[in-house]
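The next block holds one structure in the form of structure tokens; read it before the comments.
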Amino acid sequence: MTSRFLRLGVNIDHVATIRNARGGDAPSPVRAAQIAQEAGADGITAHLREDRRHIRDEDIAALLENIAVPLNFEMAATDEMHAIALRHKPHAVCLVPERREERTTEGGLGVVQDQNRLAAFIAPLKETGSRVSMFIEADPKQIEASAKIGAAVVELHTGAMCEAHLQGDFAARDQHLARITEGARIADGLGLEVHAGHGLDFETAPMAAAIPEVVELNIGHFLIGEAIFSGLPEAIARMRAVMNTARPAAGV
Ligand code: PXP
């Protein structure tokens with residue numbers, strides 16, 4: 001299979017987390033997005049959570065005004081977020097499950113269980129030109145349901161794989177990776193564009209990058225943390241390099 005270009009989406013949510021810790025304007029998520037863009041990010045991802053714990057409404061408007069690369073707007077499938085997405089018309093909308101008490105997005109969206117509502121939810125977003133993505137576990141049923149309701153993209157959740165890797169449980173990690181690899185193949189066969197993300201770092205991003213059907217990785221927490229030590233451009237450049245090294249060669 002000919003290898004496709006692999007994009008890197010940089011999630012800048014946790015720049016906002018640090019800003020919010022002191023209540024002022026610094027560090028600026030827009031500045032981080034601009035630096036990420038210059039350092040080679042192919043897109044910027046931001047998640048406007050119901051509780052606004054990191055990105056806030058005004059950040060979305062500022063990002064859209066001040067970055068040239070596409071914005072991937074992550075949100076829960078709620079009426080409030082629907083109205084915001086329809087107003088801003090971002091390049092991409094990624095629907096994620098959201099629970100207030102969670103520390104981060106745990107698990108994937110239940111597309112199978114909520115097909116009719118989600119089909120009606122995404123139709124107007126598609127009409128305004130946003131590419132709609134479903135953040136799901138690599139479960140064939142969730143992938144098939146995503147295709148059925150008209151999503152353009154699935155983002156496969158790599159959180160459990162990354163957690164197993166961090167715990168040193170490499171057998172479990174490899175099982176998760178095999179499932180994600182198979183899920184990517186199924187999704188691609190159904191005409192869905194395949195992305196992957198959550199918890200990726202310099203060791204696990206190459207595993208996702210090696211899956212030929214995956215064309216975008218969305219990475220946030222690790223890169224922002226790494227930026228504290230090396231600077232954001234260096235963290236992004238190194239991520240890009242490990243992704244490139246792992247990518248199957250073109251024409252293979
Ligand atoms: N992709 C999606 C859909 C997410 O919800 C998140 C976390 O907001 C990420 C990617 C990035 O995850 P991390 O911050 O762990 O790299």
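Model, not experiment: these values are computed from the prediction. Order of appearance sets the numbers: ligands from 1, and atoms from 1 within every ligand.
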salt_bridge([X], [Y]) N-O dist < 4.0 Å:
X    : Y    : result
R185 : D188 : no
E144 : K141 : no
D25  : R31  : no
E163 : R173 : no

So if I count the atoms of ligand 1 from 1 in the order they appear, which ones are less than 4.0 Å from some heavy atom of [X]?
X    : value
V96  : 3 (C)
I219 : 16 (O)
N218 : 10 (C), 11 (C)
N11  : 8 (O)

> Donor-acceptor pair, N66 side chain versus A62 backbone, under 3.5 Å?
Replying inline: yes
Below 3.5 Å, N or O to N or O, backbone or side chain included: is there any such pair between [X] and ligand 1?
X    : value
E155 : yes
L200 : no
F222 : no

> Which is closest to atom 7 (C) of ligand 1 in terms of heavy atoms, E98, H47, H198?
Replying inline: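 The nearest heavy atom belongs to H198.
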> Nearest heavy atom to atom 6 (C) of ligand 1: which of H54, R49, E74, M75 does it belong to?
Replying inline: E74
>> Between E80 and H82, do the side chains contain a donor N or O and an acceptor N or O under 3.5 Å apart?
In response: no
>> Could you go through N218 and E216, starting from their C-alpha distance and side-chain angles, then the distance that decides it, and tell me whether this counts as side-chain hydrogen bond (donor to acceptor under 3.5 Å, both in side chains)?
In response: CA-CA 7 Å; N218 282 303; E216 180 173 309; 3.1 Å; yes
> Under a 4.0 Å heavy-atom limit, does H157 contact ligand 1 with its side chain, its backbone, both, or neither?
Replying inline: neither
> Does the side chain of L200 reach to within under 4.5 Å of the side chain of F222, using non-hydrogen atoms?
Replying inline: no
> Can you tell me if CG on N116 sees more than 12 non-hydrogen neighbours from other groups inside 6.0 Å?
Replying inline: no
Counting non-hydrogen protein atoms only, what is the nearest one to [atom]? Give residue, atom name and distance.
atom                    : result
atom 16 (O) of ligand 1 : G220 N, 2.8 Å
atom 14 (O) of ligand 1 : H221 N, 2.8 Å
atom 15 (O) of ligand 1 : G199 N, 2.8 Å

